[in-house]
There are 2 protein chains.
Amino acid sequence: MTDAPPRMTKQRAAVLTVLKQGGFRSAQDWHDRLRHDGSTAGLATVYRALQALTDTGDVDTVLTETGETLYRLCEAREEHHHHLRCRACGAAEDIDMPSIEGWAASVGAEHGYSRIDHTVELTGVCSDCAKAGR
Amino acid sequence: MTDAPPRMTKQRAAVLTVLKQGGFRSAQDWHDRLRHDGSTAGLATVYRALQALTDTGDVDTVLTETGETLYRLCEAREEHHHHLRCRACGAAEDIDMPSIEGWAASVGAEHGYSRIDHTVELTGVCSDCAKAGR
DNA sequence: ATCTAAGTGATAATCATTGTCAAAGAGGAG
DNA sequence: CTCCTCTTTGACAATGATTATCACTTAGAT
């Protein structure tokens with residue numbers, strides 16, 4: 001009785017296609033790109049698809065300082081990693097810092113905290129955007 | 001022509017008073033506590049006071065995974081620090097990891113990024129809440 | 001006491017996101 | 001092929017945190 005995997009519909013395929021453009025973008029941004037490419041998918045459908053893809057681990061999410069959620073196709077489903085994201089164009093690099101994991105757990109334990117979770121995000125301006133004066 | 005410091009009103013004083021209860025809480029949560037203590041301050045005023053206190057560095061903020069902003073009185077106005085926050089009761093410890101600052105800058109530079117900013121937040125369940133079965 | 005600009009608070013507006021629900025589409029059984 | 005069922009879709013309403021608006025109050029200076 002494993003829950004059935006969601007069906008691959010035209011709309012979901014279209015979402016996956018635009019996601020291949022890369023970069024972290026908002027749901028509404030991805031929706032705009034989809035419409036621009038001729039898709040008639042509704043905004044709610046895009047949200048649902050992104051949510052589903054996030055649940056299955058195919059998409060990474062990040063929150064901005066304004067509370068918006070940004071989504072990006074997650075090429076390699078690895079352990080757990082962090083991001084260095086360009087604030088101007090949404091491009092991102094995967095960063096790994098293995099020592100963070102252990103550090104978080106030990107700092108938590110030192111203070112008597114359990115069930116530690118952590119968030120590490122880096123943002124900046126990539127070289128292309130810097131050249132373009134962003 | 002330095003911009004005038006905001007006036008200290010009855011409402012702002014009241015906000016500062018409840019903030020002394022400690023912990024990271026939402027604006028609406030602080031507002032509820034204020035009303036419970038007999039203040040008639042409006043929600044908008046609480047938001048404005050928290051915003052002003054954040055701007056002056058007297059209050060620290062953190063975002064939850066749902067996009068809510070949490071506020072806490074910032075006892076010592078130091079350089080830059082991170083938090084270990086209890087997801088159950090909002091209590092928090094200040095954490096410092098001096099090496100993070102340099103690490104962020106060097107990782108950014110390695111990838112050609114400039115104007116690096118970083119976010120590091122730890123959450124967990126504090127010992128009191130763990131005992132209480134939260 | 002009066003004047004003036006800032007602060008207040010009720011309420012409306014905003015914006016991302018989620019819920020609702022009738023209509024459309026995909027398979028399977030006959 | 002046709003009917004039936006169950007999922008997905010898409011337009012739109014609803015939510016919830018935050019911000020803007022605006023008439024009214026109040027603190028401080030003159």
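Below, chain A is the first sequence line, B the second, and so on; all start at residue 1.
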Could you tell me whether B:T40 contacts a base, only the sugar-phosphate backbone, or nothing, with contacts defined as non-hydrogen atoms closer than 4.0 Å?
sugar-phosphate
Positive for side chain to side chain donor-acceptor pair (under 3.5 Å) with B:T123, one of B:E65, B:R85, B:H83, B:R87
B:R87
Atom CZ of A:R25 and atom C1' of C:dA16 are separated, to the nearest Å, by 18 Å
What is the distance from CD of A:Q11 to P of D:dA11, rounded to the nearest Å?
11 Å
Roughly how many Å is it from CG in B:L63 to C1' in C:dT17, rounded to a whole number?
16 Å
The nucleotide from C:dA16, C:dG19, C:dT8 with an atom nearest the side chain of A:E68 is C:dA16
Which listed nucleotide (C:dT17, C:dG19, D:dT9) is nearest to the side chain of A:Y47?
C:dT17
Salt bridge A:R25-A:D32, side-chain N to carboxylate O under 4.0 Å:
no
Separation of B:H31 atom NE2 from C:dT11 atom P, in whole Å?
12 Å
Below 4.0 angstrom from OP1 or OP2 of D:dT26, is there any side-chain N or O of B:T9?
no
Looking only at the side chains, is there a donor atom on one of A:S39 and A:D37 sitting less than 3.5 Å from an acceptor on the other?
no
Does A:T69 have a side-chain nitrogen or oxygen under 4.0 Å from the phosphate oxygens OP1 or OP2 of C:dT17?
yes
Once you round it to whole Å, what is the distance between P of D:dA27 and CE of B:M8?
14 Å
Between A:D60 and A:H81, is a side-chain hydrogen bond (donor to acceptor under 3.5 Å, both in side chains) present by the stated rule, with each step listed?
CA-CA 10 Å; A:D60 262 357; A:H81 59 277; 3.1 Å; yes
How many Å lie between CG on B:L70 and P on D:dT18, as a whole number?
8 Å
hbond_proxy A:R48 side chain to C:dG19 base (donor-acceptor, 3.5 Å cutoff):
no
Nearest-neighbour nucleotide for the B:A27 side chain, C:dG9, D:dG10, D:dT18 considered:
D:dT18
Which of the following nucleotides, D:dA17, D:dA11, C:dT18, is nearest to the side chain of A:Q51?
C:dT18
When rounded to whole Å, the NZ to C1' distance for the pair A:K10 and D:dT8 reads 12 Å
Main-chain N/O of B:A41 paired to B:T45 side chain as donor or acceptor, under 3.5 Å
no
note: B:R12, atom CZ; D:dT25, atom C1'; distance rounded to Å ~ 15 Å
At less than 4.0 Å, is any side-chain N or O atom of A:T45 found next to OP1 or OP2 of D:dT8? Yes or no.
no
